[in-house]
Each structure stands twice: as structure tokens, then as C-alpha cells.
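Taking it in order: structure first as C-alpha cells, then the write-up.
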Amino acid sequence: VQLQASGGGSVQAGGSLRLSCAVSGRTGSSYAVGWFRQVPGKEREFVAAIGWNGGWGGGTTRYAEAVKDRFTISSDSTKSTVYLQMTTLKSEDAAVYYCAVHPSGRIISTSGYRYWGQGTLVTVSS
């Protein structure tokens with residue numbers, strides 16, 4: 001499984017940004033794609049995830065408390081790309097964002113992700 005994250009950039013506080021994660025390879029019939037973020041000196045943290053079980057979503061999404069009213073995870077119908085729409089960005093959202101694949105999409109987990117893409121940097125200026 002290969003993942004390619006993109007869409008990072010610099011934005012002012014209060015602004016919006018959309019990240020993309022292109023997924024390829026043998027993902028199986030049930031899996032989840034998650035977004036994580038990491039700032040220097042801190043542990044990587046879960047942001048959001050969406051499950052594929054023959055179709056995207058269907059209730060199988062999960063968000064970190066810090067972002068659940070501001071970020072939206074979605075995918076295209078071909079199941080090849082997962083998006084993270086980020087709105088009302090805050091300085092604390094600045095980080096390197098990574099996407100990853102978990103081998104199960106039925107219960108969205110915040111850990112156990114097996115495949116990782118390279119990160120994309122998001123900076124937020126005040």
C-alpha cells in the first residue's frame with residue numbers, strides 16, 4: 001500500500017485548507033484511512049479517520065475532539081483519495097500531517113495504522 005499526502009501550505013488563522021491523500025495498492029475489502037499530525041518535540045496525534053467497507057463512510061468516521069467541529073474527512077467515489085477539509089484553522093493546528101492506512105475499517109481506531117505516507121506541512125500564522 002502506498003500513500004501520497006499533499007495540500008499542505010501556509011494559511012492565516014481562521015482560514016481553510018484541504019489536504020489530500022492518494023491511496024494505491026492492495027488495501028483489502030475493509031480498511032481505514034486516517035490523518036495524523038505531529039509537531040517537533042511532541043508525539044504524533046490522531047486527527048480523523050474514515051473507513052472503507054465496500055463504500056466510504058456510512059458512519060465509520062472518527063475525529064479527535066480538538067478538530068471535530070472544524071475538520072471534515074471525506075473521500076472520492078473511486079476510493080482512491082481521502083480528503084481532510086480543515087476550516088477555522090488555529091495556530092495549534094500547525095504541524096506535519098500524515099495519512100495512514102489501518103487494516104480494518106469496521107471500527108475506526110486511533111492506533112495500529114500499518115502503512116504511512118510522507119507528511120505535508122501545514123503552517124498557520126496569526
Side-chain angles (χ1 to χ4, degrees):
V1 176
Q2 294 81 43
L3 302 101
Q4 180 76 35
S6 61
S10 182
V11 63
Q12 287 192 328
S16 300
L17 207 58
R18 189 177 79 161
L19 305 183
S20 299
C21 177
V23 181
S24 61
R26 294 188 174 184
T27 50
S29 60
S30 174
Y31 64 97
V33 176
W35 284 97
F36 294 76
R37 64 188 183 187
Q38 187 171 27
V39 298
K42 290 190 175 182
E43 291 189 0
R44 186 162 51 194
E45 65 174 359
F46 172 81
V47 176
I50 187 168
W52 168 269
N53 297 288
W56 284 112
T60 54
T61 59
R62 185 171 179 175
Y63 295 90
E65 192 68 27
V67 308
K68 68 176 184 177
D69 295 327
R70 301 182 294 119
F71 292 10
T72 303
I73 190 168
S74 64
S75 70
D76 66 15
S77 60
T78 67
K79 84 165 184 174
S80 63
T81 304
V82 172
Y83 304 101
L84 184 69
Q85 179 68 48
M86 306 185 294
T87 64
T88 319
L89 282 160
K90 306 175 181 180
S91 57
E92 52 263 44
D93 295 318
V96 177
Y97 283 72
Y98 299 87
C99 58
V101 165
H102 190 286
S104 175
R106 301 198 181 278
I107 298 177
I108 305 301
S109 175
T110 61
S111 62
Y113 286 73
R114 189 173 298 173
Y115 305 99
W116 293 83
Q118 91 297 347
T120 186
L121 177 64
V122 173
T123 59
V124 182
S125 59
S126 56

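Two residues are said to be in side-chain contact when any heavy atoms from C-beta on lie closer than 4.5 Å; Tyr97 and Leu121 fail this criterion. Contact check for Leu3 versus Val101: side-chain heavy atoms found under the 4.5 Å cut-off.
Contacts of Glu43 classified as salt bridge (charged side-chain N to carboxylate O under 4.0 Å, His left out), with partners at least two apart in sequence or in another chain: none. Not counting sequence neighbours, the partners of Ala5 by the side-chain contact (heavy atoms from CB on, under 4.5 Å) test are Trp35, Cys99, Gln118, Thr120. Evaluation of the side-chain contact (heavy atoms from CB on, under 4.5 Å) rule for Arg44 yields Phe36, Gln38, Tyr98, Trp116 as partners, not counting sequence neighbours. Partners of Lys90 by salt bridge (charged side-chain N to carboxylate O under 4.0 Å, His left out), not counting sequence neighbours: none found. The ring pair (Phe, Tyr, Trp, His ring centres under 6.0 Å) check on Tyr115 picks up nothing, with sequence neighbours excluded. Not counting sequence neighbours, the partners of Thr110 by the side-chain contact (heavy atoms from CB on, under 4.5 Å) test are Phe46, Arg62. For Glu92, there are no side chain to side chain donor-acceptor pair (under 3.5 Å) partners at least two apart in sequence or on another chain.
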Q | Full working for side chain to side chain contact (heavy atoms under 4.5 Å, CB included) between Val67 and Met86 | A | CA-CA 8 Å; Val67 308; Met86 306 185 294; over 6 Å; no
Q: Kindly determine whether Thr27 and Trp52 satisfy side chain to side chain contact (heavy atoms under 4.5 Å, CB included), including the steps that lead there.
A: CA-CA 10 Å; Thr27 50; Trp52 168 269; 5.8 Å; no
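Residues in residues 29-41 take part in these salt bridge (Lys or Arg N to Asp or Glu O under 4.0 Å) pairs, two or more places apart or across chains: Arg37-Glu45, Arg37-Asp93.
Rounded to the nearest 0.5 Å, atoms CD1 (Ile50) and OG (Ser74) are 6.5 Å apart. With rounding to the nearest 0.5 Å, the separation of OG1 in Thr60 from CD1 in Ile108 is 5.0 Å.
Not a single donor-acceptor pair under 3.5 Å links the side chain of Tyr31 to the backbone N or O of Arg106.
Val47 and Val96 fall into different hydrophobic clusters, defined by Ile, Leu, Val, Met, Phe, Trp and Tyr side-chain heavy atoms under 4.5 Å apart, directly or through other members.
Contact record, His102 with Ser111: CD2-O, 3.1 Å, taken as the closest heavy-atom pair. Minimum heavy-atom separation, Ala32 to Tyr113: O-CE2, 4.2 Å. The two residues Asp76 and Tyr83 make their nearest non-hydrogen contact at N-CE1, 3.9 Å.
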Only distances under 3.5 Å count here; give the side-chain donor-acceptor pairs of residues 9-26 to other protein atoms, sequence neighbours excluded, each with its distance to 0.1 Å.
from, atom 1, to, atom 2, distance (Å)
Ser10, OG, Thr123, OG1, 3.2
Ser24, OG, Gln2, OE1, 3.4

